[in-house]
Visitor: 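Before we start, here is the structure in question, set down as structure tokens.
All values derive from a computational prediction rather than experimental measurement.
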Amino acid sequence: MAKNLPAKGGILKSEALSKYILNTSAYPREHEQLKAIRDATAQKYPNLSGMGVPVDEGQLLSMLLKLMKAKKTLEIGVFTGYSLLATALALPDDGKITAIDKSREYYEVGLPFIKKAGMEHKINFIESDAIKALSEMSSDEKHKEEFDFAFVDADKKCYMKYHEHIKKIVKIGGVIAYDNTLWFGFLVEEEEQVPEYARASRKALLELNESLASDPCIEICQISIGDGLTLCRRIS
């Protein structure tokens with residue numbers, strides 16, 4: 001997928017404006033170990049580095065977690081751990097993150113920097129298929145309404161399935177954040193104009209966005225940051 005990603009600038013469609021935002025507001029306040037993860041990812045996986053959460057989006061999530069006073073969070077899709085460390089830095093010292101990813105290899109790229117930041121004690125990394133892990137958690141009474149916040153940045157085609165499980169284990173008043181919900185702007189383009197590799201995820205995200213908009217159990221806010229971020233606050 002990454003080798004065919006659209007030009008830099010994301011959904012802004014302007015690399016110059018994207019650089020302005022990053023250089024003016026985001027990079028100056030980026031934690032040194034977050035920058036180290038970003039640099040290590042770009043070096044080891046140059047064609048995949050775009051999979052990481054953008055710096056400005058990471059800072060938005062950090063501020064949201066602090067405003068919520070979140071203590072227990074869930075992360076589906078870890079990659080090299082940029083958003084994971086951003087979350088850990090925002091939580092209190094006794095905060096806990098359950099992080100699920102099927103690849104420990106990617107996670108271990110960022111792990112040394114997580115350790116340098118003194119945040120490893122907050123993280124429970126589970127190497128597993130997300131559907132399997134979430135199914136087990138949502139059917140276990142001890143996990144019901146357990147989490148203050150969940151961040152999802154994994155297989156877009158599975159977002160609908162994730163949602164059915166996650167909304168059972170996030171507290172009422174808690175927030176679920178779905179990443180990439182505007183999918184490079186492809187959602188508003190005709191299917192034949194969309195690259196082949198992006199079509200299945202485009203279809204899944206169109207269905208997800210419609211489903212979330214009509215779900216009476218949540219309030220939603222879709223934000224045009226990064227590649228699109230949808231915040232869902234559970235209300236029932």
Side-chain angles (χ1 to χ4, degrees), residues 9-14 17-18 20-22 24-26 29 50-77 82-84 86-91 95 97-99 130 134 138 145-189 201-236:
I11 56 175
L12 288 175
K13 304 298 183 184
S14 168
L17 184 55
S18 179
Y20 173 79
I21 293 169
L22 293 172
T24 303
S25 303
R29 291 176 177 263
M51 288 172 56
V53 167
V55 179
D56 54 341
E57 183 179 332
Q59 291 170 349
L60 172 66
L61 293 173
S62 174
M63 184 177 290
L64 176 62
L65 289 162
K66 291 172 183 176
L67 289 170
M68 292 175 62
K69 295 181 170 57
K71 290 188 68 174
K72 200 164 189 179
T73 74
L74 175 68
E75 182 153 336
I76 307 300
Y82 190 97
S83 56
L84 183 60
T87 297
L89 289 165
L91 297 184
I97 309 165
T98 298
L134 288 171
S138 65
E145 301 190 0
E146 179 179 16
F147 296 101
D148 302 304
F149 179 84
F151 179 65
V152 183
D153 184 9
D155 186 351
K156 316 310 166 196
K157 299 183 292 297
C158 293
Y159 273 22
M160 289 278 284
K161 291 180 182 178
Y162 298 155
H163 186 66
E164 291 307 308
H165 293 295
I166 292 172
K167 68 182 182 180
K168 296 176 184 177
I169 56 178
V170 166
K171 298 174 181 177
I172 291 177
V175 171
I176 309 167
Y178 290 102
D179 201 22
N180 307 114
T181 55
L182 294 176
W183 203 230
F184 309 112
F186 290 147
L187 302 192
V188 295
E189 296 183 11
S201 292
R202 171 186 176 273
K203 182 176 184 293
L205 289 167
L206 284 168
E207 293 172 356
L208 173 79
N209 290 338
E210 290 186 11
S211 177
L212 294 179
S214 61
D215 187 339
C217 297
I218 58 174
E219 296 175 331
I220 70 165
C221 177
Q222 191 167 36
I223 305 168
S224 53
I225 192 171
D227 190 29
L229 178 71
T230 298
L231 302 178
C232 309
R233 178 175 176 267
R234 186 182 170 199
I235 56 175
S236 67

Visitor: Hey, could you give me the CG/CD distance between Leu205 and Glu210, rounded to the nearest 0.5 Å?
Guide: 11.5 Å

Visitor: Check whether any side-chain N or O of Ser25 sits under 3.5 Å from a backbone N or O of Leu22 as a donor-acceptor pair, and report yes or no.
Guide: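 Such a contact is absent between Ser25 side chain and Leu22 backbone.
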
Visitor: Could I get the full list of side-chain hydrogen bond (donor to acceptor under 3.5 Å, both in side chains) partners for Arg29, not counting sequence neighbours?
Guide: none

Visitor: Taking all heavy atoms of Leu61 and all of Ala177, pick out the closest pair and write down the distance.
Guide: CD2-CB, 4.4 Å

Visitor: Run the numbers on Lys156 and Leu208 for side chain to side chain contact (heavy atoms under 4.5 Å, CB included), then give the verdict.
Guide: CA-CA 9 Å; Lys156 316 310 166 196; Leu208 173 79; over 6 Å; no

Visitor: For Val170 and Leu74, what are the C-alpha separation, side-chain angles and deciding distance, and is it a side chain to side chain contact (heavy atoms under 4.5 Å, CB included)?
Guide: CA-CA 9 Å; Val170 166; Leu74 175 68; 5.6 Å; no

Visitor: Report the distance from atom CG of Leu231 to atom CG of Leu60, rounding to the nearest 0.5 Å.
Guide: 6.5 Å

Visitor: Please lay out, stage by stage, how Ile166 and Ile76 fare under the test side chain to side chain contact (heavy atoms under 4.5 Å, CB included).
Guide: CA-CA 10 Å; Ile166 292 172; Ile76 307 300; 4.2 Å; yes

Visitor: Heavy atoms only: give me the nearest Leu91-Ala70 pair and the separation to one decimal.
Guide: CD2-O, 3.3 Å

Visitor: Is a donor on one side and an acceptor on the other found under 3.5 Å between the side chain of Tyr159 and the backbone of Asp179?
Guide: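 A pair under 3.5 Å: yes.
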
Visitor: Tell me the closest heavy-atom pair linking Leu84 and Ala99, and the distance in Å.
Guide: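 In terms of heavy atoms, the two residues are closest at CD1-CB, 3.9 Å.
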
Visitor: Nearest 0.5 angstrom please: Thr181 OG1 to Ile223 CD1, how far?
Guide: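 Rounded to the nearest 0.5 Å, the OG1-CD1 separation comes out at 9.0 Å.
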
Visitor: Decide side chain to side chain contact (heavy atoms under 4.5 Å, CB included) for Lys167 and Asp215; before the verdict, give the C-alpha distance in whole Å, the side-chain angles of both, and the deciding distance to 0.1 Å.
Guide: CA-CA 11 Å; Lys167 68 182 182 180; Asp215 187 339; 3.4 Å; yes

Visitor: Would a 4.5 Å heavy-atom cut-off, applied to side chains only, mark Leu206 and Trp183 as touching?
Guide: no

Visitor: Which side-chain N or O atoms in residues 145-152 pair as donor and acceptor under 3.5 Å with protein atoms at least two apart or in another chain?
Guide:
{"unit_1": "Glu145", "atom_1": "OE2", "unit_2": "Arg234", "atom_2": "NH1", "d": "3.4"}
{"unit_1": "Glu145", "atom_1": "OE2", "unit_2": "Arg234", "atom_2": "NH2", "d": "3.4"}
{"unit_1": "Glu146", "atom_1": "OE1", "unit_2": "His143", "atom_2": "ND1", "d": "2.5"}
{"unit_1": "Glu146", "atom_1": "OE2", "unit_2": "Lys72", "atom_2": "NZ", "d": "2.6"}
{"unit_1": "Asp148", "atom_1": "OD1", "unit_2": "Lys171", "atom_2": "NZ", "d": "3.1"}
{"unit_1": "Asp148", "atom_1": "OD2", "unit_2": "Lys71", "atom_2": "N", "d": "2.9"}
{"unit_1": "Asp148", "atom_1": "OD2", "unit_2": "Lys72", "atom_2": "N", "d": "2.9"}

Visitor: Donor-acceptor check, side chain of Ser211 to backbone of Glu207, threshold 3.5 angstrom: yes or no?
Guide: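 No, the answer is negative, given that no donor and acceptor are paired below the 3.5 Å cut-off.
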
Visitor: With rounding to the nearest 0.5 Å, note down the distance linking NZ in Lys161 to NZ in Lys157.
Guide: 10.5 Å

Visitor: With side chains defined as the heavy atoms from C-beta onward, is the minimum distance between Glu219 and Cys232 less than 4.5 Å?
Guide: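 Glu219 vs Cys232: side chains apart.
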
Visitor: If I compare all heavy atoms of Asp153 with all of Met51, which pair ends up nearest, and what's the gap?
Guide: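 Closest approach of Asp153 to Met51: OD2-O, 3.7 Å.
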
Visitor: Looking only at heavy atoms, what is the nearest atom pair of Ser236 and Pro216, with distance?
Guide: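 Smallest heavy-atom distance, with atoms named: OG-O, 3.9 Å.
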
Visitor: Is a side-chain N or O of Lys69 found less than 3.5 angstrom from the main chain of Leu67, in a donor-acceptor match?
Guide: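 Not at all, since once roles are kept as given, no pair shorter than 3.5 Å links the two residues.
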
Visitor: Ile21 and side-chain contact (heavy atoms from CB on, under 4.5 Å): which single residue from Asp56, Val55, Ile225 fits?
Guide: Asp56

Visitor: Got a second to check how far Thr230's OG1 is from Asn180's CG, nearest 0.5 Å?
Guide: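 Thr230 OG1 to Asn180 CG: 10.0 Å, rounded to 0.5 Å.
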
Visitor: Looking only at heavy atoms, what is the nearest atom pair of Met68 and Gly174, with distance?
Guide: CE-CA, 4.5 Å

Visitor: Taking only residues two or more places apart in sequence, or in another chain, which ones meet Lys66 in a side-chain contact (heavy atoms from CB on, under 4.5 Å)?
Guide: Ser62, Ala90

Visitor: Quick one: CG on Leu134 to NE2 on His163, what's the gap to the nearest 0.5 Å?
Guide: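 The NE2 atom of His163 is 12.5 Å from CG of Leu134, to the nearest 0.5 Å.
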
Visitor: Give a yes or no on whether the backbone of Ala26 and the side-chain of Gln59 come within a donor-acceptor separation of less than 3.5 Å.
Guide: yes

